[in-house]
There are 2 protein chains.
Amino acid sequence: MAYDSAATRARLLDAAYGEFVERGLAGARVDRIAAAAQANKQAIYAYFGSKEGLFDAVLAARLSVLADEAPFDPDDLPGYAGSLFDALAATPGLIRLTQWSRLERADATPGEIESHQEKARAVREALKLPDDLAATDILEIVIAIATTWSNMPPGLKAARGVSASARQQVHRATVVAAAKAVCQAL
Amino acid sequence: MAYDSAATRARLLDAAYGEFVERGLAGARVDRIAAAAQANKQAIYAYFGSKEGLFDAVLAARLSVLADEAPFDPDDLPGYAGSLFDALAATPGLIRLTQWSRLERADATPGEIESHQEKARAVREALKLPDDLAATDILEIVIAIATTWSNMPPGLKAARGVSASARQQVHRATVVAAAKAVCQAL
DNA sequence: CCTTTCCAACCATCTAGTTGGTTTAAACGA
DNA sequence: TCGTTTAAACCAACTAGATGGTTGGAAAGG
């Protein structure tokens with residue numbers, strides 16, 4: 001059997017994603033990650049340097065994927081809210097990973113900050129706002145609206161007599177309507 | 001010096017709040033909590049049973065305080081959003097504690113679920129909505145809007161030339177306006 | 001033969017929880 | 001009233017693992 005370091009690295013990233021989504025950085029165990037990836041623990045340190053390095057690599061990779069799945073459109077923030085909702089509904093681990101990162105790392109990554117600033121500038125131009133601060137407020141509120149469902153604990157989502165899929169669609173419609181209302185009002 | 005178990009318990013809860021806010025359940029250390037409380041580690045197990053029991057006690061106590069500081073008013077959701085914003089701005093640790101809990105515990109506590117259901121029913125009546133699900137959506141979206149600022153990493157909040165206090169007031173006004181827009185539209 | 005990739009055991013430290021006491025002050029009986 | 005007993009509160013050391021990271025190799029293939 002030939003060695004394949006790219007395959008090992010990819011399996012480690014996938015296994016690490018699962019472990020970090022579930023337990024965060026402090027709660028994750030490198031032994032479990034290695035076992036799930038069917039790789040040796042030492043490979044984690046060879047490829048990523050440390051447990052924290054692995055976490056940062058996973059986060060960067062997954063945020064990049066999310067950006068592809070929910071492309072940003074400053075001229076259609078309600079539409080963006082809807083597609084962001086869809087992307088997060090399709091991969092529920094993503095919001096958890098982001099939340100762990102917010103809690104366990106000191107600040108957003110430079111990539112996240114830069115991406116946010118680009119979006120804020122685009123929103124400012126699209127909505128003819130006075131400054132980047134107002135754009136930041138609207139942008140972050142729209143994102144908060146879009147992620148409300150993903151952030152809700154299961155106990156608050158429970159709904160008798162309605163399928164999960166139908167319930168989710170109703171919420172999606174509310175998200176888009178709320179985002180639209182916010183954009184028109186501000 | 002007389003023993004005072006009530007005082008020891010209170011100091012442990014305060015010290016634990018600081019430690020859990022900063023590092024969550026898995027990342028917190030009972031030795032650090034005991035040291036910060038100037039109490040013996042064994043007292044934690046005597047009063048709370050376990051590290052997890054301590055976490056749950058801290059969460060219950062702090063959510064109770066928040067409910068007092070931001071009283072719920074179904075007839076004035078924009079006003080509620082504003083006062084929730086104020087309460088969280090005054091004690092930034094609270095949103096972090098809630099986030100750790102969402103990630104590290106399986107579901108919302110029974111108290112949180114019951115409190116949410118009461119609020120949803122009140123919103124349904126106040127806004128003449130067809131069902132509790134629509135009320136849940138509006139309620140959770142309003143709360144998401146109110147907590148946007150507290151959930152933002154420092155790197156996204158940065159604003160040159162504006163004091164933090166002024167920046168926060170501007171955002172607060174946007175929160176209330178957004179909540180109002182959402183309530184009127186849905 | 002050499003480099004890359006991988007392995008299993010190891011290490012030094014950390015950790016939640018336990019234990020066998022000591023200290024404090026109230027209760028009690030002579 | 002005072003000495004002893006008792007219960008509550010507290011202490012420091014301990015235990016039995018767990019853990020991130022390292023090391024001295026072996027395996028694979030160019």
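Letters go in sequence order (proteins before strands), and every chain restarts at 1.
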How long is the line joining [atom1] of [X] and [atom2] of [N], in whole Å?
X       : N      : atom1 : atom2 : value
B:Lys51 : C:dC14 : NZ    : C1'   : 12 Å
A:Ile44 : D:dT19 : CD1   : P     : 14 Å
B:Tyr45 : D:dA13 : OH    : P     : 18 Å
A:Asn40 : D:dA27 : CG    : C1'   : 13 Å

Proximity to the side chain of [X] - top-ranked nucleotide from [options]:
X       : options                : answer
B:Lys41 : D:dG20, D:dC14, C:dC7  : D:dC14
A:Gln42 : D:dG21, D:dT23, D:dC11 : D:dT23
B:Tyr3  : D:dG21, D:dA8, C:dG17  : D:dA8

Validation row: B:Tyr80, B:Ile143 side chains within 4.5 angstrom (heavy atoms) | yes
Under a 4.5 Å cut-off applied to non-hydrogen side-chain atoms, are A:Leu13 and A:Phe48 in contact?
->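 Yes, close enough: below the 4.5 Å cut-off.
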Give B:Phe48 one of three labels, base, sugar-phosphate or nothing, depending on what nucleic acid heavy atoms sit under 4.0 Å from its own.
->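 If one applies the 4.0 Å heavy-atom cut-off, B:Phe48 turns out to touch nothing in the nucleic acid.
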Give one of base, sugar-phosphate or nothing for B:Ala39, where a contact means two heavy atoms less than 4.0 Å apart.
-> sugar-phosphate
Pairwise distance OG(A:Ser101) to CG(A:Asp56) - rounded to 0.5 angstrom =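 The CG atom of A:Asp56 is 7.5 Å from OG of A:Ser101, to the nearest 0.5 Å.
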Expected output: side-chain [X] to main-chain [Y] donor-acceptor under 3.5 Å:
X        : Y        : answer
A:Arg11  : A:Ala37  : yes
A:Asp76  : A:Gly79  : yes
A:Arg96  : A:Glu22  : yes
A:Lys119 : A:Leu139 : no
B:Thr136 : B:Asp132 : yes

Taking OP1 and OP2 of D:dA8, is either one under 4.0 Å from a side-chain nitrogen or oxygen of B:Tyr47?
->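 No, no such contact exists.
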Given D:dA8, is OP1 or OP2 found less than 4.0 Å from the side-chain N or O atoms of B:Ser5?
->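 No, outside the criterion.
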What residues form a side chain to side chain donor-acceptor pair (under 3.5 Å) with B:Lys157, not counting sequence neighbours?
->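 Side chain to side chain donor-acceptor pair (under 3.5 Å) list for B:Lys157, sorted by chain: empty.
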Nucleic acid contacts of residues 6-16 of chain B, taken as heavy-atom distances under 4.0 Å to DNA chain C =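 Nucleic-acid contacts, sorted: none.
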Sorted by number, the residues of residues 25-34 of chain B with heavy-atom contact under 4.0 Å to DNA chain D | none
